[in-house]
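What follows is a set of notes on a single structure, which appears directly below.
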Amino acid sequence: MAKQQKNAVSPARAEDFPEWYQQVVRAADLAENAQDVRGCMVIKPWGYGLWEQIQRQLDQMFKDTGHQNAYFPLLIPVSYLEKEAEHAEGFATECAVVTHHRLEAQKDEETGKVKMVPTGKLTEPYVIRPTSETVIGAAFARWVQSYRDLPLLINQWANVMRWEMRPRLFLRTAEFLWQEGHTAHETKDEALEETEKMLRVYETFARDHLAIPVITGEKTENERFPGAEKTLCIEAMVQDRKAIQAGTSHYLGQNFSKAAGIEFASRSEEGATEFAYTTSWGVSTRLIGTLLMAHADDDGAIMPPKVAPSQIVIIPVTPKEDTKEEVLHAAEALAKTLRKDEFDGEPLRVHVDRRDVGGGTKTWDWIKKGVPIRIELGPRDIEKRSVAVSRRDQGPKEKQFIPKEDFLRDVGNVLSEIQNGLLARATEFRDGNLVEISSMEEFVKFFTPKNPNKPEIHGGFAVCHWAGSNEEEEKIAKDHKVTIRCIPDAERFEGTGKCILTGAEGARKVIFAKSY
RNA sequence: CGGGGCGUAGCUCAGCCUGGUUAGAGUGCCUGGUUUGGGACCAGGAGGCCGGAGGUUCGAAUCCUCUCGCCCCGACCA
């Protein structure tokens, strides 16, 4: 007998959430830590396939809202960063700097080993982009002459680098993949509208594609993007009840246009020039981390059908050598039929697992990877014109024998059901851990674990009336490891009341939570 | 950068305290056989300069010093 482990992933979520997360990434074969490069990751095919889906679907949404893709340099002259003081300061501590442009081989006379020594010092060092406001701003300054050149709606898919202290796969890596939208507008209102519009795109994508309900809102001044006038965000709750910022949209005012010189001939006044109003907005591979922490269970990842690299995996059951060919053939034929069908307006993504390994191994591999639907197809099924269907949102041992025609007819509905079920479950979880709190005593209790030595999963989103100062906000962050995630904008959070800290009336609601 | 933990087979780890033939286990991998609606079973096999450097010693995975890297908790952050 093989070891009869109840679950594929250990430890369980409830035992050790951070470790569980790492084990899920491993079990699902999504990515691994780069062996010799600090803080970087190798994204494996299943993980990259997920990113490709996210990328493709978001990209379509950007195009539908009038944006175009472009690409800008990886390296940024240090002087560019200096142009916007707040921005420079914000990123200064996490920049990788390029100082040389060649290597020279030097042979050690004693050991005979060859060492490559940097030489060719640059007169002005570059930083590897932590974000591209400054380079793109410089380009925009060249591209914009007249109000007729606006709005400029550009997006870039790229990698960026931020030398983070404590990297974690997908959640915070030194190098990560993302998209960064950068737009320039004639008026403040237009730019604000763009900032809001892209926030709604992110909200929609998170909800309808990733099955993650997010809370939208504005960051407080303390939490704002360096150099922004206004930072909007989507905040998700994951299964340890912590918050994770899954996307941001910034209104930059004229800060960057003044720094970069994005100036245009005015529409209203002859001979006058004005500075453009700019925005930037982005989501990253962190979405994958968020997705995992939101949906995965103690058997591994769970992929929402819309973004699953494969939505259906067919596992041929080949008990006898003489029927093997027939079964494989039938599996391929079924896959071909399914691929003609559509889900969410796109051909179904179907994979036939032809590997020469045991059927149980295959089943568990795909459970761990989180494929929404598994189909087992064997000689008896072919004979009976049926398929054995298992769903990732049900137990690993559950399977239903369904006539093939019925399955083909219902497959789209089943995928929708799984997609909707994931969203419903995540929403229920979030709302169940979203608590209105009206006193500091209650607040402290909410965010204090019962067992300080081995903190259990506790807390959640605390909705409080707040009118404190920036300093008071910082103090709370320091004392309780809790920050204001956002000032939520949804109707359900409207209304004012008594500030939880100062007691001042007329304070509006904010959401406090521990966060990633 | 502070506090804690840890680097031994592809992976998970035992051995270290109390130094002593040829460094182990499970799993994975390869081969053969038995199985076949299933994370199978049996047998055989490959795979390690015990993270790296230095030291103590007749002898170091084990003791000492330095160093590099990883993980967790903080500070910083998408």
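Near RNA chain B, defined here as any heavy-atom distance below 4.0 Å, there are no residues from residues 213-237 of chain A. For RNA chain B, the neighbouring residues in residues 172-179 of chain A, judged by any heavy atom under 4.0 Å, are A:Arg172, A:Thr173, A:Phe176.
Considering only side-chain N and O atoms, A:Arg26 lies under 4.0 angstrom from the phosphate OP1 or OP2 of B:U12.
At a threshold of 4.0 angstrom between heavy atoms, the contacts of A:Glu376 include nucleobase atoms, whether or not backbone atoms are also involved.
If you take atom P in B:G10 and the same atom in B:C49, they sit 8 Å apart, rounded to whole Å. If you take atom P in B:C13 and the same atom in B:U36, they sit 37 Å apart, rounded to whole Å. Look at the P atom in both B:C6 and B:U22: the space between them is 29 Å, to the nearest Å. Comparing B:A75 with B:G4, their C1' atoms are spaced 16 Å from each other, to the whole Å.
Applying the side chain to side chain donor-acceptor pair (under 3.5 Å) test to residues at least two apart or on different chains, none of the pairs has a partner in residues 84-94 of chain A.
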Polar pairs (N or O, both sides) under 3.5 Å between protein and nucleotides 71-75 of chain B?
residue: B:C71; atom: OP1; partner: A:Asn33; partner atom: ND2; Å: 3.3
residue: B:C71; atom: O3'; partner: A:Gln22; partner atom: NE2; Å: 3.1
residue: B:C72; atom: OP1; partner: A:Gln22; partner atom: NE2; Å: 3.2
residue: B:C73; atom: OP2; partner: A:Arg166; partner atom: NH1; Å: 2.6
residue: B:C73; atom: OP2; partner: A:Arg166; partner atom: NH2; Å: 3.4

Polar atom pairs between nucleotides 29-31 of chain B and protein, under 3.5 Å, N or O only, would you list them?
none

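Side-chain atoms of A:Asp365 stay outside donor-acceptor range of the base of B:G39, with no qualifying N/O pair under 3.5 Å.
For the side-chain hydrogen bond (donor to acceptor under 3.5 Å, both in side chains) test with A:Thr216, the passing option among A:Glu196, A:Glu235, A:Arg200 is A:Arg200; the others fail.
The nearest heavy atom of RNA chain B to A:Thr93 and to A:Arg380 marks one nucleotide each, and the one closer to the 5' end goes with A:Arg380. Of the two residues contacting RNA chain B, namely A:Lys368 and A:Ala246, the nearest-nucleotide position lying further toward the 5' end is that of A:Lys368.
Both the sub-6.0 Å distance and the 45° axial angle are not jointly satisfied by A:Lys230 relative to the ring of A:Tyr251.
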Indicate for each nucleotide in nucleotides 5-10 of chain B, in 5' to 3' sequence, whether protein heavy atoms under 4.0 Å reach the base (B), only the sugar-phosphate (S), or nothing (-). ------
